[in-house]
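What follows is a set of notes on a single structure, which appears directly below.
Chain identifiers are assigned alphabetically (A, B, ...) following the order of the sequence lines, protein sequences preceding nucleic acid strands; residue numbering begins at 1 within each chain.
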There are 2 protein chains.
Amino acid sequence: MGPAPTLLERLRARGWRVTPQRRAVAQVLTGDHVHLTADDVLEGARTILPEVSLATVYNTLRDLVEMGELLELRVGNGPARYDPNTGTAHHHLVCTVCHRLVDVHPAGLDDLGLPLDQRHGYVLDEIDITFRGRCPNCVRTDTTKPRVGTGTGVT
Amino acid sequence: MGPAPTLLERLRARGWRVTPQRRAVAQVLTGDHVHLTADDVLEGARTILPEVSLATVYNTLRDLVEMGELLELRVGNGPARYDPNTGTAHHHLVCTVCHRLVDVHPAGLDDLGLPLDQRHGYVLDEIDITFRGRCPNCVRTDTTKPRVGTGTGVT
DNA sequence: GTATATGCAAAGCATTTGCATTAAA
DNA sequence: TTTAATGCAAATGCTTTGCATATAC
């Protein structure tokens, strides 16, 4: 396979006007296990280009999500988080205490489906799995009992 | 097994002060495939008791969620939805177009785990699976291509 | 040169909160 | 009687938008 086009190349190919602000935002949203809020992105972008505005960050994030270049994650009640890892199918593991978030790539789930008699006539496009638990830092101090919510209790 | 205590009995047992407002909210949040927003709940509660306020609805919803009597769902960017079906482990199927939401109980997922080498030191408590697709009403009119997002493309 | 992005400040929506009043226990 | 819930309205947090200015193409 040839060299994969970079994010900016793909954006240019879509007719995106590449500005310093957008370049800064794109640069911040690079790598694995990156799950930044809009404020995080603003902060990061400003270390590259101090005069970026929050409105531009939001506009850029929205464009990137619409283009499918960014995943918008909503874990818990806080602000949205943005994940540039759109290439590899993956799921998420969230700390119920501090909301630390990591990507997981569980094998054997790739062909996970939903039985026909459970589909209610829907045409399936996608499956998101959120594993909830307590991260190494929180599990020591936390007194909360494990929840038995929507999902399945797991040991 | 004896008769299961009703929601209001359980709430009273927890020392909850049972007011007409709370009774109205609890009555609205009854049944299967119930996934109401706070505004929906207000509307429903007002058909029972016209003077319920939105603040009380929000306070009551929050209490019920904290008590584990209600599930708070965040699908898409809209307002939270509340699901009284806490007794049976289940997952959700969401229409990406109209956001219609149904409960699903896929067999064979009950013992779904996450391999140790993928746990990043987390202690798992719960797994939420969101199936995304287009419902029977939307699949006909929708021109959107299936997305290949976080999850796995499914036929 | 022209269409589009920027930045600011104001608006918007969902949700929470302070506080005086009311009511459950 | 006491303690807690209600309702209003104001405050909050996140996100979007209108518009004049600046800039990539």
Using atom names, set out every protein N or O paired with an N or O of nucleotides 8-13 of chain C below 3.5 Å, distance rounded to 0.1 Å.
none

How long is the line joining [atom1] of [X] and [atom2] of [N], in whole Å?
X     : N      : atom1 : atom2 : result
A/L54 : D/dG13 : CG    : C1'   : 12 Å
B/N59 : D/dA9  : CG    : P     : 16 Å
A/E72 : D/dC14 : CD    : C1'   : 11 Å
A/R14 : C/dT4  : CZ    : C1'   : 18 Å
A/D39 : D/dT16 : CG    : C1'   : 15 Å
B/D63 : C/dT16 : CG    : C1'   : 13 Å
A/D40 : D/dT15 : CG    : P     : 11 Å
B/L49 : C/dT22 : CG    : C1'   : 14 Å

What contact category does B/R23 fall into here, base, sugar-phosphate, or nothing, at under 4.0 angstrom with non-hydrogen atoms?
nothing

Sugar-phosphate only, base, or nothing, as touched by A/N77 at under 4.0 Å among non-hydrogen atoms
nothing

What pair of heavy atoms forms the shortest contact from [X] to [Y], and how long is it?
X      : Y     : value
A/L7   : A/A26 : CD2-CB, 3.7 Å
A/C135 : A/C95 : N-SG, 3.3 Å
B/A38  : B/L54 : O-CD1, 4.4 Å

Nearest to the side chain of [X], which nucleotide is it out of [options]?
X     : options                : result
A/R74 : D/dT15, D/dG7, C/dT16  : D/dT15
B/P20 : C/dA14, C/dA24, D/dT15 : C/dA24
B/V18 : D/dC25, C/dT17, C/dA25 : C/dA25

DNA chain C: B/R62 or B/W16, which has the more 5' nearest nucleotide?
B/R62

Find the distance between CD (A/Q118) and NE2 (B/H90) and round it off to the nearest 0.5 Å.
11.5 Å

Let me confirm one number: the CG-OH distance from B/L114 to B/Y122, rounded to the nearest 0.5 Å.
11.0 Å

Is there a side-chain contact between B/M67 and B/W16, using heavy atoms and a 4.5 Å cut-off?
yes

Does some side-chain heavy atom of B/H35 sit less than 4.5 Å from a side-chain heavy atom of B/V75?
no

5'-most contact on DNA chain D (nearest-nucleotide basis), A/Q21 vs B/G15, goes to B/G15

Does B/T19 have a side-chain nitrogen or oxygen under 4.0 Å from the phosphate oxygens OP1 or OP2 of D/dT6?
yes

Can you find a side chain N or O atom of B/Y58 that sits less than 4.0 Å from OP1 or OP2 on C/dT15?
yes

Please state whether the rings of B/H33 and A/H120 are parallel, tilted or perpendicular, taking 30° and 60° as the class boundaries.
perpendicular

Going by the rule side-chain contact (heavy atoms from CB on, under 4.5 Å), which residues pair with A/D32 if we only count those two or more places apart in sequence or in a different chain?
A/N85

State whether the distance check finds a donor on one side and an acceptor on the other, under 3.5 Å, for side chain A/R22 versus base C/dA5.
no

I'd like to know if B/R17 reaches the base of D/dT3 with its side chain, counting only an N/O donor and acceptor under 3.5 Å.
yes

Is the shortest distance from a Lys or Arg side-chain nitrogen in B/R14 or B/E66 to a carboxylate oxygen in the other one below 4.0 Å?
no

Could you spell out the base pairing of DNA chain D in dot-bracket, with Watson-Crick or G-U pairs whose two distances are under 3.5 Å, [ ] crossing and | to another strand?
|||||||||||||||||||||||||

